[in-house]
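The block underneath contains the structure these notes are about, expressed in structure tokens.
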Amino acid sequence: MSDIVDAEMLALFQTELELCKIGPGQTVAILSGGTVRADYAQAFLCAAQNLGATALHVNIRNHVVANSNAVYGKTPLAGNRPAIEALKSADMVIDLLGLLFSAEQLEITNAGTRMLLVLEPFHILKKMFPTEDLRRRVEFGGKLLAKAKEMHITSRAGTDVRYRLTQYPVMTEYGYTDEPGRWDHLPSGFLFTHGDDGGVDGTVMLMPGDIIAAFRRYVQSPVKLTISKGYLTKIEGDGMDAALLNSYLESFNDPRGYAISHIGWGLNERATWYHMVETRALSAERAMNGLAFYGNVLFSTGPNTELGGDNDTPCHLDMPLRGCSLFLDGQQVLKDGEVLIPEMRAPGR
Ligand code: FE2
């Protein structure tokens, strides 16, 4: 492992930690597995120290706990009590390992430690780097969503689905975090909640250009998803996409994998829909462009433990949809993929 730190990386991570209000008196713990992202670990250690904070590196063995990086919730940190206690004792954890949807993440953030997930390649961190304006717009959306009792999503292609919204909190992601116990992901730029248990009904039409993030794939052929009482009940289409979805969901042999998961919209104008074409990206680390791009409706299936539900199925599909209209209690937020509400519009949009 090299302790040579790239100057550009150090400067970016220092700006990130400043946004996270890291300074004297604070402790920053960096969590990594094996030699993966060793350069990030060293640069974050250096950045935290430059800001006067106490920094430590918790490095554990990066053994494989799942056969696919699309399977969430199982991490090599599980059962490593001394490492978990060290992370809980910090004010902030930089997660270079990937604890999302795990019991360990919940335990650490419940202890009041804020946490930032950083997995993407450096050029993505740079391109989608957060701003205070992005936070302001995402938080405005979060307040709007928290007040709503119903979300209605439509599209010209025939999507027409309603989410009852009285049960779950709203989660914002804007790429940094300065509040105790709050989790975020660098980079990001969206917000979401869950429909009530059993409270999602209607139709979602996946159309060419929509994204199935777990497959690193743009939809090529229309797929009609029928949703009843919070579950996918039919997946229909003549093309390959419907066949892929059916085959993938069946492979988990878990009826809870058909549940409807988080729902929200993207607000990061620097994230690009076409990113996977441009880079031929094949890794999970590059999905953030697709999840966060401005005006997408982020539809998903699978677990709901992230917001306090009890469905911990490992089968999770994020499916960003283009060109949708979205209404909260009748107030239109998106029109055909365009953000209508001035307080949420990106500069120059
Ligand atoms: Fe997701």
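Whatever order the structure lists ligands and atoms in, that order sets their numbers, starting from 1. Just so you know, these numbers come straight off a predicted model, no measurement behind them.
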*Which hydrophobic side chains are connected to Leu106, either touching it within the sub-4.5 Å cutoff or through other members that do?*
none
*Does Glu306 bring an N, O or S atom to under 2.8 Å of the Fe ion (ligand 1)?*
no
*Would Arg81 and Glu85 pass as an ion pair if we require N to O under 4.0 Å?*
yes
*For Trp183, is the NZ or CZ atom of Arg114 found under 6.0 angstrom from the centre of its six-membered ring and inside 45 degrees of the ring axis?*
no
*Quick one: report the N, O or S atom of His262 that is nearest to the Fe ion (ligand 1).*
NE2
*Which single N/O/S atom of Asp318 lies at minimum distance from the Fe ion (ligand 1)?*
OD1
*Ring centres of Phe190 and Tyr174 under 6.0 Å apart?*
no
